[in-house]
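Written below as structure tokens is the structure these notes are about.
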Amino acid sequence: MIYRYNSPLGPLSYEWDGEVCRHVWLDIHGPENISNDNPVARWLDAYFNGSCTSLPALAEPATSFQATMRQGLLEIPAGEVRTYGELARLLHTSPRAMGQALGANPLPILIPCHRVIAADGLGGFACGVEWKKKLLKFERGF
DNA sequence: CCATTCATAGCCT
DNA sequence: AGGCTATGAATGG
């Protein structure tokens with residue numbers, strides 16, 4: 001089931017199948033099903049409140065590399081950022097592959113891919129850099 | 001200092 | 001298999 005969540009930064013959608021969260025979209029994706037009675041909504045409530053709670057159950061990563069990347073991303077504390085190059089060295093891969101893998105990440109925000117920026121600037125964001133800017137500004141505010 | 005080029009690794013068709 | 005990146009470092013003007 002696809003749900004809608006109205007965050008202070010704008011509307012977003014996510015798919016919760018009762019067991020795990022499968023997708024997150026940073027726009028209005030499907031029909032407008034508002035529900036606060038699932039782990040994803042509760043996590044989002046906490047997140048936009050500035051507090052950290054344990055993540056809801058997430059769908060298994062498609063590849064082992066994505067699993068590694070997810071692990072690496074979760075190491076980044078809120079409000080901090082890493083560059084693609086730093087993460088690439090950390091995960092023993094190349095910066096280019098990082099961008100590719102991050103762009104393929106189906107779970108933005110939950111997996112904090114917005115905390116990864118280019119060495120000399122913001123870098124890109126699959127759902128629009130506006131979201132990335134807003135998220136980083138929001139996290140810096142705390 | 002700005003523009004262009006290339007190496008690089010994982011993803012998609 | 002080939003092309004495509006949400007890069008980064010090196011090179012040339």
Side-chain angles (χ1 to χ4, degrees), chain A residues 1-35 38-142:
Chain A
M1 175 62 83
I2 294 177
Y3 295 99
R4 165 93 162 275
Y5 184 90
N6 285 310
S7 85
L9 272 39
L12 60 90
S13 313
Y14 59 91
E15 182 179 355
W16 173 257
D17 69 358
E19 296 290 331
V20 299
C21 182
R22 301 202 166 283
H23 270 283
V24 173
W25 297 273
L26 267 30
D27 55 14
I28 297 172
H29 195 78
E32 187 173 330
N33 303 307
I34 305 280
S35 167
N38 64 58
V40 183
R42 283 193 288 273
W43 185 89
L44 288 169
D45 282 339
Y47 174 80
F48 289 113
N49 235 291
S51 52
C52 275
T53 61
S54 57
L55 285 169
L58 304 176
E60 282 301 306
T63 68
S64 69
F65 179 79
Q66 286 186 11
T68 309
M69 182 190 73
R70 178 183 295 188
Q71 199 63 41
L73 287 176
L74 293 174
E75 301 287 321
I76 309 176
E80 304 246 338
V81 295
R82 296 286 152 78
T83 64
Y84 295 98
E86 278 178 307
L87 271 182
R89 279 195 301 276
L90 199 66
L91 303 180
H92 306 104
T93 182
S94 82
R96 204 74 198 237
M98 288 302 306
Q100 181 67 28
L102 287 173
N105 171 27
L107 298 164
I109 301 191
L110 261 49
I111 307 297
C113 51
H114 56 278
R115 293 182 196 142
V116 186
I117 61 175
D120 57 348
L122 188 61
F125 198 62
C127 303
V129 285
E130 286 309 307
W131 265 101
K132 192 169 184 174
K133 286 184 198 167
K134 284 189 287 189
L135 287 165
L136 289 174
K137 186 177 176 185
F138 169 76
E139 291 189 348
R140 273 202 312 269
F142 278 97

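Lettering of chains follows the sequences in order, A, B, ..., and the numbering in each one begins at 1.
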**Asked** Is a side-chain N or O of A/Tyr14 found less than 3.5 angstrom from the main chain of A/Leu107, in a donor-acceptor match?
**Response** no
**Asked** When the distance from CG of A/Leu122 to P of C/dT7 is rounded to whole Å, what number comes out?
**Response** 11 Å
**Request:** For A/Gly123, answer base if it contacts any base atom (sugar-phosphate contacts may also be present), sugar-phosphate if it contacts only those atoms, and nothing otherwise; contact means non-hydrogen atoms under 4.0 Å.
**Result:** nothing
**Request:** Using whole Å, report how far CG of A/Leu102 lies from P of B/dC12.
**Result:** 13 Å
**Prompt:** Once you round it to whole Å, what is the distance between C1' of C/dA6 and CD of A/Gln100?
**Reply:** 9 Å
**Under 4.0 angstrom between A/Thr93 side-chain N/O and B/dG10 OP1 or OP2** = yes
**Complete:** Whole-Å distance, A/Leu91 CG to C/dT7 P, equals 16 Å
**Prompt:** With respect to the side chain of A/Ala97, which nucleotide from C/dG8, C/dA6, B/dG10 is positioned closest?
**Reply:** B/dG10
**Request:** Would you indicate what A/Ala119 reaches in the nucleic acid, counting non-hydrogen atoms under 4.0 angstrom: base, sugar-phosphate, or nothing?
**Result:** sugar-phosphate
**Item:** Watson-Crick or G-U counterpart of C/dT7, or none if no pair lies under 3.5 Å
**Value:** B/dA7
**Asked** Is there a donor-acceptor pair closer than 3.5 Å between any side-chain N or O of A/Trp16 and the backbone N or O of A/Val40?
**Response** no
**Message:** Between P on B/dG10 and CZ on A/Arg96, what's the gap in Å once rounded to a whole number?
**Reply:** 14 Å
**Asked** A/Phe48 vs A/Phe138 aromatic rings, parallel, tilted or perpendicular, using cut-offs 30° and 60°?
**Response** tilted
**Message:** Looking at A/Glu139 and A/Arg115, is there a salt bridge between them, counting it only when a charged N and a carboxylate O are closer than 4.0 Å?
**Reply:** yes
**Message:** Looking at A/Lys132 and A/Phe125, would you say the former's side chain and the latter's main chain have a donor-acceptor pair under 3.5 Å?
**Reply:** no
**Request:** Taking the side chain as every heavy atom from C-beta outward, state whether A/Cys21 and A/Tyr3 have any pair of such atoms under 4.5 Å apart.
**Result:** no
**Prompt:** Just by modelled atom types, is the A/Trp25 backbone N or O under 3.5 Å from a matching donor or acceptor in the A/Ser13 side chain?
**Reply:** no
**Item:** Selection: residues 61-76 of chain A, any non-hydrogen atom under 4.0 Å of DNA chain B
**Value:** A/Thr63, A/Phe65, A/Gln66
**Prompt:** Rounded to the Å, how far apart are A/Asp120 CG and C/dT7 P?
**Reply:** 10 Å
**Asked** Which nucleotide sits closest to the side chain of A/Ala118: C/dA6, C/dT7, B/dG10?
**Response** C/dT7
**Item:** Gap between atoms CG and P, on A/Asn105 and C/dT5 respectively (whole Å)
**Value:** 18 Å
**Whole-Å distance separating the OH atom of A/Tyr84 from the C1' atom of C/dG8** = 12 Å
